[in-house]
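Accompanying notes for the structure given below.
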There are 2 protein chains.
Amino acid sequence: MVSIKDIARQAGVSISTVSYALNGNPKVTEETTARILAVASELNYVPNAAARSLKRRETKIIGVFLTDFSGAFYGDLLQGMKEVLSVKGYDLIVCSGKQSHRMLPERLIDGAIILDETFDSKELASYAERGHKLVVLDRELKHANVNQVLLDNKAGAALAVEYLLERGHRKLYAMTGPRGSFDSKQRLAAATQVVERVGDASLTVIEGDFNKSSGEHAAAKLVMEGVIGPHGEPAAIFCFNDEMAIGMCHYLQRNHPDIVLGKHLHLIGFDNLELASFMQPRLATIDYSKRKWGAIAAEQLMKLICGQEVEQERIYVSLIRGETVGSATL
Amino acid sequence: MVSIKDIARQAGVSISTVSYALNGNPKVTEETTARILAVASELNYVPNAAARSLKRRETKIIGVFLTDFSGAFYGDLLQGMKEVLSVKGYDLIVCSGKQSHRMLPERLIDGAIILDETFDSKELASYAERGHKLVVLDRELKHANVNQVLLDNKAGAALAVEYLLERGHRKLYAMTGPRGSFDSKQRLAAATQVVERVGDASLTVIEGDFNKSSGEHAAAKLVMEGVIGPHGEPAAIFCFNDEMAIGMCHYLQRNHPDIVLGKHLHLIGFDNLELASFMQPRLATIDYSKRKWGAIAAEQLMKLICGQEVEQERIYVSLIRGETVGSATL
DNA sequence: TTGTAAGCGTTATCAG
DNA sequence: CTGATAACGCTTACAA
């Protein structure tokens, strides 16, 4: 391994001069700098990150923690982060699983963005307490070293429910995420509130887990129970994410082609996955910019790291109408 | 920041004793070890990764380099890697973009798995030459420090083309990936070979780039040119990945509902994306285990790092029949 | 069994 | 403008 020592010897200068030259310090003559740079590249010198960060106490790397690598959802989000971070000279790495939590306290990364419900809030708080900088996208956590960038779930759920009500539906269902999910809780609270305000509508809760399979199972169950069927009052379901809504659609299209979406069953999701836009019929859903979410999260983290003031930011949402929601009065 | 020095002082021992104790070295009495551990946890001690890896010359982290974070494709692959690596005590990080290439030469990671055509082979070779351990999934690269884990593209393409031929199709099209793509080249070579052997069939090449949009554009163009339509001899297209095939389907379903898949146009993809299994009609495609691919890649890298012998491994593929391919004799 | 001390590759302070 | 030199936090001979 070639180190600055080798360069120093080869160039006939001291190691400190080499270090200065490599870091572009103007204290060193252009001439010697040039010579040193030449030697360095000739020897294929690459700085050692461990040594550098041991000294500098920073790595210029930001970690994003996700529940899993399953992707479909994360692409734009990560892209948004990367764009912001790379401008600031930071690299982004994606981590998943309990094992990799160590990267934060061990100072392998300068800060973290959390989108992983399985990451314990206590653990996060303890990191914040030690001085680590965090941005959380999936919970509320107040601390000087933590910033939250949350979706406007309340508005999203209200938009979805109001859309269903506006189309004349009164027998509403809400399919939730996993019990612990912050987003799911917020959406449920808002949906309940809107329905209660109306008075003549009902909201039944179906437990889900944000995965497609739970949507499929729920659809099967609802058909068995006669809630969904080609006859009778159609149900209107607000799935708290698109994945579950898609699961429902697929189950029905495959097993019950007589049940028509937008007629016998009305469905709206949340997230506006790219996939949703290709569905036949088009899935109604709640949209927001995932790229922007990522970008803002990254910006907030940069501010936290630079010691700048950070305001609370919120990600706004909008309604996407779709053919999966029809009018109740046929 | 609390270091072993602080622990040493607090516990009334020397720093080397602390280091030994923390590493479970039996040289230290159980008694003192216990005391040291107690002090360490009381002070919330966390080792500094930079210092440790500066000394040990390893980080116990493996990096995977992907072209982008767009996901849909990578979930299982990464999961397969993670499972293998975590057993061996390694962490996995996902990196994307030129910037993050530095992690390898700077020794932030102990090895890398490459699935990123934009990563220059020369660059990879130079890393290998410096002693870094690599596994490549997207090219051929022979070096003592590099192992390849490649798809059996030849078999896959042959399966696809033979399937189309078997169903009576003779007017075949192949839609490729981007020019540089190793997989695409291999698939094209194999497809061509199979068609040539038959004699009475033709194979026309359509240039694509593995993205959905190129599938959409190609479909639009083929319709305009009259190659695809509700009349005349139906075309049979082998898209070199599912994403492009799905793009074609979506374009046609949306803009030309009179063109029926499996009747006026026959389509087979490659990858068996989860999404493909939910398509209506079901997309014919070539399947392989992405998780296994990841797992094998990780295993090979572990062997490389441990200095064990590594054999060349290959990922086998199989045909998934689907409704998008019908018989030519209606 | 424990302590001393050198060194990993950098950076940065201070003299020259 | 350049060069010694002391850290950074940890591991590991070697000495006691």
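To find a chain, count down the sequence lines: A is the first, B the second, and so on, and within it residues start at 1.
In the interface, the side chain of B:Ser19 is not paired with the base of D:dT11 through any donor and acceptor atom under 3.5 Å apart. For a distance-only test at 3.5 Å, the side chain of A:Lys55 fails to qualify as a donor-acceptor partner of the base of C:dA12.
Put simply, the side chain of A:Arg139 gets close to the backbone of A:Asp116: a donor and an acceptor are under 3.5 Å apart. A:Asn23 places no side-chain N or O within donor-acceptor distance of the main-chain N or O of A:Asn25, the cut-off being under 3.5 Å. Under the 3.5 Å distance criterion, the side-chain polar atoms of A:Thr29 are left unmatched by any main-chain donor or acceptor of A:Glu31. B:Ser53 places a side-chain N or O within 3.5 Å of a backbone atom of B:Ala49 that can act as its donor or acceptor partner. A donor-acceptor pair under 3.5 Å is absent between the side-chain atoms of A:Arg57 and the main chain of A:Arg107, judged by distance alone. In terms of modelled atom types and a separation under 3.5 Å, the side chain of B:Asp271 and the main chain of B:Asn241 share no donor-acceptor contact.
If you take CD1 of A:Ile7 and P of C:dG9, they are 12 Å apart, rounded to a whole angstrom. Remark: P of C:dG9 and CZ of B:Arg107 are 9 Å apart, rounded to the nearest angstrom. We find that CG of B:Asn25 is positioned 10 Å from C1' of D:dT12, with the value rounded to whole Å. Taking atom CD of A:Glu58 as the reference point, atom C1' of D:dC8 lies 14 Å away to the nearest angstrom. Rounded to an integer number of Å, the gap from A:Met1 CE to C:dT10 C1' is 11 Å. Atom pair A:Leu22:CG and D:dT2:C1' shows a separation of 15 Å (rounding to whole Å applied). At whole-Å resolution of the value, NZ in B:Lys60 and P in D:dT11 are 14 Å apart. A straight line from CG of A:Leu108 to C1' of D:dC10 spans 15 Å, rounded to a whole angstrom.
OP1 or OP2 of D:dG9 has at least one side-chain nitrogen or oxygen of A:Arg57 nearer than 4.0 Å. For C:dG3, the OP1/OP2 oxygens have a side-chain nitrogen or oxygen of B:Thr17 closer than 4.0 Å. A sub-4.0 Å separation between OP1 or OP2 of D:dC8 and a side-chain N or O of B:Lys5 is present.
Inspection of the B:Ser14 and B:Thr17 side chains reveals an N or O donor paired with an N or O acceptor under 3.5 Å. Remark: the A:Thr59 side chain and the A:Asp110 side chain contain an N/O donor-acceptor pair separated by less than 3.5 Å.
Contact annotation for A:Ser3: backbone-only contact, meaning every heavy-atom pair under 4.0 Å involves sugar-phosphate atoms and none involves a base.
Residue B:Tyr20 has its side chain nearest to D:dA13 when only D:dG3, D:dA13, D:dT11 are considered. When distances are taken from the side chain of B:Leu54 to each of C:dC8, D:dG3, C:dT11, the shortest belongs to C:dC8. The side chain of A:Ile15 approaches C:dT10 more closely than any other nucleotide in the set C:dT10, C:dG9, C:dG3. Listed nucleotides: C:dT11, C:dC8, D:dG3. Nearest to the side chain of A:Val13: D:dG3. Here the side chain of B:Lys27 is nearest to one of C:dT2, C:dA12, D:dT11, namely C:dT2.
Taking five base pairs at each end of the helix from C:dT1-D:dA16 to C:dG16-D:dC1 and finding the rotation axis that steps the C1' atoms of four pairs onto the next four gives two axes whose angle is 40°, to the nearest 10°.
Judged by a 6.0 Å distance limit and a 45° cone about the ring axis, B:Lys292 is not positioned over the six-membered ring of B:Tyr288.
Nearest-nucleotide positions on DNA chain D place A:Ser14 closer to the 5' end than the other of B:Ile4 and A:Ser14.
In terms of heavy atoms, B:Arg130 sits closest to A:Val46 at NH2-CG2, 3.2 Å.
Within residues 28-53 of chain A, the residues that place at least one heavy atom under 4.0 Å from DNA chain D are, in residue-number order, A:Val28, A:Thr29, A:Thr32.
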